[in-house]
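Okay, so here's the structure we're looking at.
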Amino acid sequence: MLIVPQYILIMAKITRKPAPPKAAVPKKKAKAAVAKPKPSAKKSAPAKKSLKAPKPWTPAEVREVFSRFRAANPEPKGELEHVNPFTLLVAVVLSAQATDAGVNKATRALFEIADTPQKMLDLGEERLREYIKTIGLYRTKAKNVIALSAKVLSDFGGEVPRTRAEIESLPGAGRKTANVVLNMAFGEHTMAVDTHVFRVGNRTGLAPGKTPLEVELGLEKVIPAEFMLHAHHWLILHGRYTCLARKPRCEVCLINDLCRWSEKTV
């Protein structure tokens with residue numbers, strides 16, 4: 001074994017240079033966010049085509065439509081059963097968010113015993129609920145019918161008022177109710193816009209509007225006066241039995257050649 005003298009080991013420690021300290025490694029800088037270029041117009045998804053407003057109907061076309069309705073059904077009738085203006089008013093109030101058939105089923109027996117405001121008050125709210133409990137929202141409607149009966153007696157001498165503002169002042173009665181009563185009971189040229197008339201007015205392009213009032217005013221503007229007495233009945237019946245919401249029967253539609261609806265099936 002080789003023995004190294006002690007002094008050589010001591011000299012080696014003295015003469016050995018210390019290793020230089022390692023330089024601090026700079027931290028990597030975060031990559032700057034680089035905005036990705038927007039895809040070219042060719043690669044982007046095609047934008048939806050803007051729907052063009054349908055071409056307005058001409059006066060001659062409007063006259064032709066209602067002439068056809070009149071020829072097919074000269075004397076259209078409302079489908080709510082009633083015996084006088086008061087029972088008509090009650091039936092229309094009850095028909096909100098309900099079908100005419102459902103209302104008729106409930107009111108046939110009711111109107112046999114309560115066909116005036118006083119008889120309705122005598123019946124009372126609790127008993128009235130029993131007659132109309134098959135109709136949606138029957139509790140609220142019963143309360144409204146009793147309240148409007150009281151107001152017709154106190155404010156209008158027991159007679160249904162003959163102005164829109166007065167009818168609208170009755171509990172449960174709105175503009176549509178007033179228009180129906182004025183038209184059917186008193187022969188006024190009013191336009192009652194329900195869900196059917198609203199759909200037909202917009203779908204056909206006859207009177208487009210975002211609200212029932214817009215459609216109402218639009219129809220009154222374009223329909224000739226000679227057709228206005230029955231116009232809302234023709235439109236209601238057309239929407240109820242032909243221009244259906246989900247599966248419109250375009251193949252049997254009287255006015256399919258004039259209709260502006262882009263999705264009609266004929």
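Residue numbers start at 1 and run along the sequence shown.
- In this structure, the side chain of E61 engages the main chain of T58 through a donor-acceptor pair within 3.5 Å.
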Q: Evaluate the side chain to side chain contact (heavy atoms under 4.5 Å, CB included) criterion for residues L235 and L219: first the C-alpha distance (whole Å), next the side-chain angles of each, then the deciding distance (0.1 Å), finally the verdict.
A: CA-CA 10 Å; L235 293 173; L219 290 170; 3.8 Å; yes
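- Under the 3.5 Å distance criterion, the side-chain polar atoms of K141 are matched with a main-chain donor or acceptor of A96.
- Contact record, E251 with V266: CA-CG1, 3.7 Å, taken as the closest heavy-atom pair.
- The distance from atom CZ of R63 to atom CH2 of W57, rounded to the nearest 0.5 Å, is 14.0 Å.
- Atom CG of L121 and atom CD1 of I146 lie 5.5 Å apart (nearest 0.5 Å).
- Residues R164 and L182 form a side-chain contact, since some pair of their non-hydrogen atoms from C-beta on lies under 4.5 Å apart.
- Judged purely by atom type and a 3.5 angstrom limit, N104 has no side-chain atom pairing as donor or acceptor with the backbone of L80.
- Note on R70 versus E226: salt bridge recorded, some NZ/NE/NH1/NH2 to OD/OE distance being below 4.0 Å.
- The number of heavy-atom neighbours closer than 6.0 Å to CD of Q97, taken from other residues, nucleotides and ligands shown, is 12 or below.
- By the criterion of side-chain heavy atoms lying less than 4.5 angstrom apart, applied directly or through intervening Ile, Leu, Val, Met, Phe, Trp or Tyr residues, V145 is grouped together with V180 in one hydrophobic cluster.
- Here the CZ-CG distance, from R129 to L123, works out to 11.0 Å after rounding to the nearest 0.5 Å.
- The neighbour count for E159 CD, taken as heavy atoms of other residues, nucleotides or ligands under 6.0 Å away, does not exceed 12.
- When all heavy atoms of I132 and Y138 are compared, the closest pair comes out as O-CB, 3.1 Å.
- One N or O on the side chain of R260 and one on the backbone of L258 form a donor-acceptor pair closer than 3.5 Å.
- A continuous path of hydrophobic side-chain contacts links F186 to V152 [ILVMFWY only; heavy atoms under 4.5 Å].
- The backbone N or O of Y241 sits less than 3.5 Å from a side-chain atom of R249, completing a donor-acceptor pair.
- We find that R175 and E216 are joined by a salt bridge, their nearest charged nitrogen and carboxylate oxygen being less than 4.0 Å apart.
- Put simply, the side chain of N256 gets close to the backbone of C253: a donor and an acceptor are under 3.5 Å apart.
- Comment: R203 does not engage E263 in a salt bridge, judged by the lack of any side-chain N to carboxylate O separation of less than 4.0 angstrom.
- Using a distance-only test at 3.5 Å, with no hydrogens or angles considered, no donor-acceptor pair links the side chain of W234 to the main chain of P74.
- The two residues H82 and T87 have their closest heavy-atom pair at CB-OG1, 3.4 Å.
- Within 6.0 Å of NZ on K143 lie no more than 12 heavy atoms contributed by other residues, nucleotides or ligands.
- Both V181 and F156 are assigned to one and the same hydrophobic cluster, defined by single-linkage of ILVMFWY side chains at heavy-atom distances under 4.5 Å.
- Under the 3.5 Å distance criterion, the side-chain polar atoms of N202 are matched with a main-chain donor or acceptor of G209.
- Going from atom CZ of R139 over to atom CD1 of I135 covers 14.0 Å, rounded to the nearest 0.5 Å.
- Using modelled atom types, one finds no donor on one side chain facing an acceptor on the other under 3.5 Å when comparing S169 with E166.
- The residues R68 and D257 are annotated as salt-bridged, a charged nitrogen and a carboxylate oxygen being separated by less than 4.0 angstrom.
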**Q.** Stepwise side chain to side chain contact (heavy atoms under 4.5 Å, CB included) check, K210 with E214
**A.** CA-CA 7 Å; K210 295 181 179 179; E214 286 182 14; 3.9 Å; yes
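- No side-chain heavy atom of N183 sits less than 4.5 Å from a side-chain heavy atom of H189.
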Q: Could you please spell out the steps behind the salt bridge (Lys or Arg N to Asp or Glu O under 4.0 Å) verdict for E112 and R108?
A: CA-CA 7 Å; E112 288 181 359; R108 286 181 191 126; over 6 Å; no
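- Of all heavy-atom pairs spanning V200 and C243, the tightest one is CG2-CB, 4.0 Å.
- Taking all atoms of both residues into account, the shortest heavy-atom contact from P171 to A147 is CG-CB, 3.7 Å.
- The two residues N84 and D115 come nearest to each other via the heavy atoms ND2-O, 3.0 Å.
- Residues T242 and P248 fail the side-chain proximity criterion, which asks for heavy atoms closer than 4.5 Å.
- Although no hydrogens or angles enter the test, the distance criterion places no donor-acceptor pair under 3.5 Å between the side chain of K176 and the main chain of M191.
- If you chain together hydrophobic residues whose side chains sit under 4.5 Å apart, L128 and I113 fall into the same group.
- In this structure, D100 and S95 have side chains that are in contact, with non-hydrogen atoms separated by less than 4.5 Å.
- Between the side chain of T107 and the main chain of L110, no donor-acceptor pair closer than 3.5 Å is present.
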Q: Using the side chain to side chain contact (heavy atoms under 4.5 Å, CB included) rule, take M120 and T116 through it: C-alpha gap first, then chi angles, then the decisive distance, then the call.
A: CA-CA 6 Å; M120 194 66 74; T116 68; over 6 Å; no
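- Among the candidates E79, H196, K77, the single residue satisfying the side-chain contact (heavy atoms from CB on, under 4.5 Å) test with L237 is E79.
- With a 4.5 Å cut-off on side-chain heavy atoms, K151 and L148 do not count as touching.
- Placement of F227 and M184 in two distinct hydrophobic clusters is found when ILVMFWY residues are connected by side-chain heavy-atom separations under 4.5 Å, directly or transitively.
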Q: Apply the test side chain to side chain contact (heavy atoms under 4.5 Å, CB included) to residues L170 and L89: give CA-CA distance (whole Å), side-chain angles for both, the deciding distance (0.1 Å), then the verdict.
A: CA-CA 10 Å; L170 300 173; L89 170 63; 3.7 Å; yes
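- Checked against the 6.0 Å centroid criterion, the rings of F69 and H238 qualify as a close aromatic pair.
- Taking CZ from F198 and CG from L213, the interatomic distance works out to 11.0 Å, rounded to the nearest 0.5 Å.
- From D194, atom CG reaches atom NE2 of H232 across 7.5 Å, with rounding to the nearest 0.5 Å.
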